[in-house]
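Worksheet: the structure to be examined is printed underneath.
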Protein chains: 2
Amino acid sequence: MPDSKQLQRIVNRSHVLQTLRVSSGISRIEISRQLGLDRSTITNLVNPLLEMSIVKVLSEGSSPSKGGRRPVLLGINENFGSILGIDLQNSSFSAVLTNLNGEILKEWRGDMKFMGLVETILRIYSLLENDINEMPVPLIGIGVGIPAIVDTEQGFVRKATSLHIRELDFNREAEGKFPVPVIIDNDANCCAWGQLERNKERRLDNFLNIIWKLHRLEGEEAPEEIEIGMGIVLGGEVYYGSGSAAGELPEDLLSRDAANIYRQSGTGWEIDEKALGIYLDKLFNFLIPIFNVFDPGEIFFGGHFTRFRSHVEKHMSGTSFKVNFPRTDELDTAYGAASMFVEKLFQTPVLKGDREGAEIREYDLFSRFEQER
Amino acid sequence: MPDSKQLQRIVNRSHVLQTLRVSSGISRIEISRQLGLDRSTITNLVNPLLEMSIVKVLSEGSSPSKGGRRPVLLGINENFGSILGIDLQNSSFSAVLTNLNGEILKEWRGDMKFMGLVETILRIYSLLENDINEMPVPLIGIGVGIPAIVDTEQGFVRKATSLHIRELDFNREAEGKFPVPVIIDNDANCCAWGQLERNKERRLDNFLNIIWKLHRLEGEEAPEEIEIGMGIVLGGEVYYGSGSAAGELPEDLLSRDAANIYRQSGTGWEIDEKALGIYLDKLFNFLIPIFNVFDPGEIFFGGHFTRFRSHVEKHMSGTSFKVNFPRTDELDTAYGAASMFVEKLFQTPVLKGDREGAEIREYDLFSRFEQER
DNA sequence: CACGTTTGTTTATTAAATCAACAATGTAAA
DNA sequence: TTTACATTGTTGATTTAATAAACAAACGTG
């Protein structure tokens, strides 16, 4: 629908928003310099965003060294809207509410028997609805992470062993049932989205985000199930591969095979160092070649990897990769699911299809709220 | 230098050229439909290209089913210019001259002692110069493939064991010494570029291109040296990784380790099936996990892999990947090097840097030849 | 042969950028 | 204090490149 002229404006506006997001506290003139656009163009783009309160004035900056008018420092209004991120597992969930700056406003954890994807998410949402509505920030989107192979673009779940799903058209089934748009993705990819969000100022290019996650098995108490997941970010965007299965590890490196690492003791879980060593040998034997072929700029080890930091560092010592152990917790996937939504909000819209029906991506902030507020 | 308005025109012009390249024999109106631009816009973009003879009229198409004026079918003028592609090895080279449609106009093979990168390429060029100049198509660029880790964007050779190079600023050393622009890249990446060119109508998204190449060792007669190279294409573009080393395989899978596969017999080279089997087991043990993690839409096995086709098919039979054995010959790398240049000619120009000095990519066809012809 | 259809061009119009001038606001030296 | 100068940000005129609309050209069909 939007013609090429309007599209240019939309794209430029999006560039402005991205710049504001990445370099919060920047002046209009500095934006114009970074984007190579005229000063007046930025003024014209920014002012409507200010009126809509998507952008806000932070403060007056100090005047430049040689004198001159003080720059007016701008930034994204992080309270323009909130995002609900849900980490959906077989029999439990966790969830976070974040603002547009990726700051956590609220968090939840709970048990929830899985009863179909849409149904379960609806239940969780109605469980949290009151909490969300009493916040001063209105909800504008939901992101969901599940242990599955997901075509996020199409909203299509290909395969989810632990949830017993195959070829589910989520978008169609969820149509009209939620008050805000819902996006789903693989949980490991969500964590990669979260890493993109947390490091947005660094404008990371290529990195791998590997997580070590524990799941309680359905019914059983112990041992827990290990999930090793890899999220791949290339050129600043999550890479899905041609079948949405990029980053999936072989079965024998996941699940029960390594379950005897965790031994139940009197107080709780205890780690069998020998079993751990054997498992990590096998794992890194697999991973290191992958690292070499991808040649990422950085590798993040999240989740329970932080508990085995020294082991990981030993295995990585032969390589020249930059290794990173981000602070992580049980909410990583939920946080990442929310981050995914935020990242998509600020992505520069492109004509999708390229071929037929030129349709704009549906998450563009300005277009969505142009009339409403 | 070019402002945002001119940039839009350049980008749209580039889209038109890409469309013409991918779907040769297309009418203006059909282009306008595919790109979502107005008919008159396409007319205005195409006509200058016709005058410059970058684009040519193919023929009158048949009139549409319900009557109406016959569409004027357009296509890239493949003879607007020619590209020299060079495959540079330690003590020999091969080269091809292609037109803009990736058709081979001429080819050469020869021995050439390596004497520094720029010097050697210059020698090869002067060797072929007369042949090239007597062609009716003017040379507009040179692409070079070398067995090395290369930062193509910067024109910087990081490491080339067999050529004894380390940290060489090619662009600086070559400055002003060639009559046309020269681009260098890793040889495996070149082959991937070649595959992109050969399959341009298919608009491939993600694929891996794996080659099995033989090199004569310096001085020695036998055994030859094996080079296994992987070119990675993601989102329709060659992926280089953060250190330009993406796709590099571990040392022990290359070189001499598998040399005893080739045995010299009375008539020539003979293959030791047992040694081959052991080697391929090891190789595919390495490759299959890589395939799974990349989740490509297709995998090409080129070079000598075609001789071991049944072996490869056996190893790949457990997977669900689409396997492809393209017709290949000794000129693949050279052809790919030329293809790389052509592909870059037709890439949509983007502001590089994004941050500072907004500079346009230097290969844009129209801009380069606007005044000249 | 009249009529509808499709391609492609021409001219007027429009959207969104730039350009240039200027107001506002600051530092620093005279 | 005053003057000069530097920098940010806005306003109005101008330019550019797209679209829109009308039309010419070419073709098939009843």
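The figures that follow rest on heavy atoms only: side chains count, while hydrogens, waters and symmetry mates do not. Order of the sequence lines sets the chain letters (A, B, ...), proteins ahead of strands, with each chain counted from 1.
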* Structure fact -> Rounded to whole Å, CD1 of A:I29 lies from P of D:dG9 at a distance of 5 Å
* To do: Look at the side-chain N and O atoms of A:R33 and state whether any lies under 4.0 Å from the OP1 or OP2 oxygen of D:dG9.
  => no
* To do: To the nearest Å, give me how far apart CZ (A:R9) and P (D:dA18) are.
  => 17 Å
* Between A:E298 and B:S242, do the side chains contain an N or O donor and an N or O acceptor separated by less than 3.5 Å? -> no
* Salt bridge check: are A:E30 and A:R33 linked by an N-O gap of less than 4.0 Å? -> yes
* NA contact type, A:N44, heavy-atom cut-off 4.0 Å: base, sugar-phosphate, or nothing? -> nothing
* Asked: Checking all strands, does A:R39 fall into the base, sugar-phosphate, or nothing category for heavy-atom contacts under 4.0 angstrom?
  -> base
* Given D:dT10, C:dT7, C:dT18, the nucleotide with the shortest approach to the side chain of B:K5 -> C:dT18
* To do: Describe the nucleic acid contact of B:T41 in one word from base, sugar-phosphate, nothing, applying a heavy-atom distance below 4.0 Å.
  => base
* Which is true for B:S27 with a 4.0 Å heavy-atom rule: it touches a base, it touches only sugar-phosphate, or it touches nothing? -> sugar-phosphate
* **B:L37 and B:H15, any side-chain heavy atoms less than 4.5 Å apart** => no
* Taking CG from A:L45 and C1' from C:dA16, how many angstroms apart are they, rounded to a whole number? -> 9 Å
* Take the protein atom CD1 of A:I42 and the nucleotide atom C1' of C:dC19, then report the distance between them rounded to whole Å. => 15 Å
* Structure fact -> From CG of A:L73 across to P of D:dT7 the rounded distance in Å is 17 Å
* Interatomic distance where CG belongs to A:L37 and P belongs to D:dT15 [whole Å] -> 20 Å
* Please state whether the phosphate of D:dT8, meaning OP1 or OP2, lies under 4.0 angstrom from any side-chain nitrogen or oxygen of A:R28. => no
* Of all the nucleotides listed (C:dG8, C:dT5, D:dG12), which has the minimum atom distance to the side chain of B:K66? -> C:dT5
* To do: Determine: side-chain N/O of A:S40 to OP1/OP2 of D:dT10, distance under 4.0 Å, yes or no.
  => no
* Asked: A:D38 or A:R69: which one's nearest nucleotide on DNA chain C is closer to the 5' end?
  -> A:D38
* **Between P of D:dA18 and CG of B:N12, the distance in whole Å** => 5 Å
* To do: Could you check A:R21 against A:E197 for salt bridge (Lys or Arg N to Asp or Glu O under 4.0 Å), going step by step and ending with a plain yes or no?
  => CA-CA 10 Å; A:R21 218 169 100 75; A:E197 173 66 29; 3.0 Å; yes
* How about B:Q8 and A:S4: does a side-chain donor come under 3.5 Å of a side-chain acceptor? -> yes
* Whole-Å distance between D:dT8 P and A:L74 CG? -> 13 Å
